Each structure stands twice: as structure tokens, then as C-alpha cells.
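All figures in this text were calculated on a predicted structure; none of them were measured in a lab. As a basis for the values below, the full set of heavy atoms in this structure was taken, side chains included, without hydrogen atoms, waters or symmetry mates.
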Amino acid sequence: MSTYFDGKTVWITGASSGIGEALVMELAANTTAKIILSSRKEEQLEAIAQKAKLTSNRYAVLPLDLYHYKNMATVAGEAAGKFGSIDLLINNAGLSQRSLAMETDIEVDKRLIDIDYIGTVALTKATIPYMIRNGGGQIAVVSSLMGIFGAPMRSGYAGAKHALHGFFDALRAELYKENILITIICPGFIQTNISMNAVTGDGSSQGTMDEATQNGMPAPVFARKMLRAIEKKKYQKAIGGKEVLGVFLKRFFPAWLARITRKAKVV
């Protein structure tokens, strides 16, 4: 890894497991970045910081629950105060879904929107003034391939992720003169607990691992690819296995993609 992240303050949400944890490990081992770790699980964040062998002057733990989006101004202020700046915000926290649209309570759809879209937007908007004050910054958003095309059992999740793309594409244009860059990352199947924690139609967690997720790209490999995309200041980057071909099919052969998704396994 180059020196791009050295000396920067990087705030990672959803840092207590999966992609977030892998990003912490990669940055801790190969850069001099200061890292703010956020999620709902404060004890796990501390454990990950210790596992990454971060010294006390290189990390801070800041509990965060995106569902409580009205608190984001306060949380962003606390984050900015940890090291005096926020150079890179990595919006990684979120919630997935495993249920058919017509079997999903509307409150579950709302929860997905509140966490995956509204919470992320609120945190970003609360952080931007600190970046402007410091002369610029970068925002990375972990979306999903479901932010580009839909698939069975993911209707609410895909809707929230599609909304993220619309918002951040518009925000990128608005913040161009403020020297704030935006990179949208679209993971495919990555070996994390995303399917274990995914909500079902009644709002309960699925509690089982999807086969495709279990056989997906290892999180550390994904983290390295994601950080390279951020370093290269990509507008958008899809990362995964053969499933990323869906992006190409969506653009050039949408009817073909529709036929494939109709026949796809529903988990």
C-alpha cells in the first residue's frame, strides 16, 4: 500500500466485524493512519483495536447506531474532536435482508431505509462541515451490487442501496468545489456475517449463513481492493467474484439479467 492513507484520520463505521474489521486491520498494519472505530458494540471495537495492535495515539472508539439518525450531529462532533479532523469517512455500517417483498412487513422496509440510507446520509451530512473546515476530504460508501441491480429476497435492501447511489452521485457534484471526493464501493459476495444478521420478513435475524456468502471473497482480500479503489479516487467500484458481471449485464443486457435473477436461488 502507498503512503496515501498515512497521517490521515479515517473514521470507519460498522468496524466491529466483517468488512469494517478487515479495513481496520489493513490500515493498522500498512499505514500510519489514525482510526476511529464505530459500531453499536463498544467492547468488540476495543478488542479489534487491540487485535490490530493499534497504540492509544492511533485509535479511538466511538459507539454509533445509525438507526438513531437524529444523533448524528453530536456523534460527528465527537469524532472530529478525537484527532482534530476527519480526512476519510468510510460509511460501512448497514443491515441486509432475506425475505420476499410480499412477505415483508412494511416496518422492516422502513428499518432498512432508516439504517442503510437515512442513517448513512445523516452521518455524512453531519461530517461534511468538518471536512470543509479542513480544506477537503473523502467519503467512501459501502453500497452493494444490490445498489445497481435487484435480486429476489432483497427488495427492501436493494431499494435502500439504490437510494444511496442517487444521493451520493448528486452529492459528489455538489461538493466538487469543496475538494471532497466520493467513492461508492459495491461488494458482491464477501465472507462476513451479513447474511447471519440479515432481517427476515418479521424483522427477526435470519441467523444462518448463505452458501454464496460463505464461499465469497475473503474480507481481508476485499479490504485491500477497496482501499486501492479509495486511493485511486474511483467514483464507483464493484468488487467480488463472477457476480460482478451483473453490473455489465444490467447496463447492456438488462432483459438477460432479469431472466437470470428470476431463476436465481432465493438465499
Side-chain angles (χ1 to χ4, degrees), residues 1-66 68 71-94 119-120 122-142 175 178-183 185 192-193 218-233:
M1 189 177 294
S2 74
T3 60
Y4 182 75
F5 299 97
D6 288 346
K8 286 183 169 65
T9 297
V10 182
W11 186 9
I12 303 173
T13 69
S16 59
S17 66
I19 290 172
E21 178 181 357
L23 289 169
V24 172
M25 295 299 173
E26 186 69 18
L27 288 169
N30 297 299
T31 78
T32 63
K34 301 178 182 69
I35 306 171
I36 303 172
L37 297 82
S38 285
S39 80
R40 294 175 299 155
K41 302 171 182 178
E42 187 171 1
E43 289 186 4
Q44 285 185 224
L45 295 173
E46 287 286 356
I48 287 168
Q50 298 305 313
K51 181 180 176 182
K53 299 181 180 179
L54 286 165
T55 55
S56 59
N57 64 334
R58 279 196 63 195
Y59 85 93
V61 164
L62 182 59
L64 168 69
D65 186 345
L66 289 179
H68 301 296
N71 298 335
M72 293 304 106
T74 299
V75 176
E78 292 180 20
K82 296 294 185 181
F83 298 108
S85 68
I86 302 170
D87 300 297
L88 169 61
L89 168 63
I90 299 181
N91 285 303
N92 170 65
T120 298
L123 181 62
T124 299
K125 292 174 76 169
T127 304
I128 287 169
Y130 298 101
M131 290 185 172
I132 292 175
R133 185 182 67 188
N134 291 321
Q138 189 169 6
I139 299 165
V141 187
V142 178
L175 296 179
E178 301 292 351
N179 194 32
I180 296 176
L181 307 171
I182 292 176
T183 296
I185 303 293
T192 70
N193 288 331
V221 175
F222 173 86
R224 289 191 289 273
K225 290 178 179 290
M226 175 175 168
L227 289 171
R228 281 199 293 271
I230 293 171
E231 180 183 347
K232 291 179 180 179
K233 304 174 183 178

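For the side-chain contact (heavy atoms from CB on, under 4.5 Å) test with K82, the passing option among T9, V61, I36 is I36; the others fail. P63 pairs with exactly one of R40, E42, K41 by the side-chain contact (heavy atoms from CB on, under 4.5 Å) rule, that one being E42.
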Inset, instruction - Could you go through the side chain to side chain contact (heavy atoms under 4.5 Å, CB included) check for I128 and I139 one step at a time? - result: CA-CA 9 Å; I128 287 169; I139 299 165; 4.0 Å; yes

Inset, instruction - Kindly determine whether V24 and L54 satisfy side chain to side chain contact (heavy atoms under 4.5 Å, CB included), including the steps that lead there. - result: CA-CA 9 Å; V24 172; L54 286 165; 4.1 Å; yes

Inset, instruction - In sequence, state the C-alpha distance, the side-chain angles, and the governing distance for V10 and L23, and then conclude on side chain to side chain contact (heavy atoms under 4.5 Å, CB included). - result: CA-CA 10 Å; V10 182; L23 289 169; over 6 Å; no

Inset, instruction - Would you sort out whether I19 and I185 count as a side chain to side chain contact (heavy atoms under 4.5 Å, CB included), showing the intermediate values? - result: CA-CA 12 Å; I19 290 172; I185 303 293; over 6 Å; no

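Between Y59 and E46 the shortest side-chain heavy-atom distance falls below 4.5 Å. Using a 4.5 Å heavy-atom cutoff, the side chains of I90 and M226 are in contact. With a 4.5 Å cut-off on side-chain heavy atoms, F5 and I35 do not count as touching. Side-chain atoms of L27 and L227, non-hydrogen and from C-beta on, do get closer than 4.5 Å to each other. Put simply, the side chain of T192 does not reach to within 4.5 Å of the side chain of F222, judged on heavy atoms. The shortest distance between side-chain heavy atoms of H68 and V75 does not fall below 4.5 Å. Put simply, the side chain of T13 does not reach to within 4.5 Å of the side chain of V142, judged on heavy atoms. Residues T124 and V141 form no side-chain contact, since every pair of their non-hydrogen atoms from C-beta on lies 4.5 Å or further apart.
Closest approach of A140 to L88, counting heavy atoms only: N-CD1, 4.2 Å. Of all non-hydrogen atoms in I86 and M131, the two that sit nearest each other are O-CG, 3.5 Å. Taking all atoms of both residues into account, the shortest heavy-atom contact from A15 to S39 is N-CB, 4.1 Å. Taking every heavy atom of both residues into account, G77 and Y130 meet most closely at CA-OH, 3.2 Å. The minimum heavy-atom distance between G84 and N134, with the atom names listed, is O-ND2, 4.0 Å. Listed here is the closest heavy atom pair of Q138 and I230: NE2-O, 2.9 Å.
Interatomic distance, CG of L66 versus CG of N91, reported as 7.5 Å (0.5 Å rounding). Here M25 contributes atom CE and K53 contributes atom NZ; the two are 10.5 Å apart, rounded to the nearest 0.5 Å. Here the straight-line distance linking atom CD1 of I132 with atom CG of L175 works out to 6.0 Å at 0.5 Å rounding. The CH2 atom of W11 lies 6.0 Å from the CG atom of L62; values are rounded to the nearest 0.5 Å. Note that OG1 of T55 is 10.0 Å distant from CD of Q50, once rounded to the nearest 0.5 Å. Summarising the geometry, atom CD1 belonging to I180 is positioned 11.0 Å from atom CG belonging to D87; distances are rounded to the nearest 0.5 Å.
Remark: side-chain polar atoms of Q44 are paired, donor with acceptor, to backbone N or O of S16 under 3.5 angstrom. Of the possible donor and acceptor atoms, one in the side chain of R58 sits under 3.5 Å from a partner among the backbone N and O of A28. Judged by distance alone, with hydrogens and angles left aside, the side-chain atoms of T32 form a donor-acceptor pair with the main-chain N or O of G7 at under 3.5 Å. At distances below 3.5 Å, not a single donor-acceptor pair connects side-chain atoms of N92 with backbone N or O atoms of I12.
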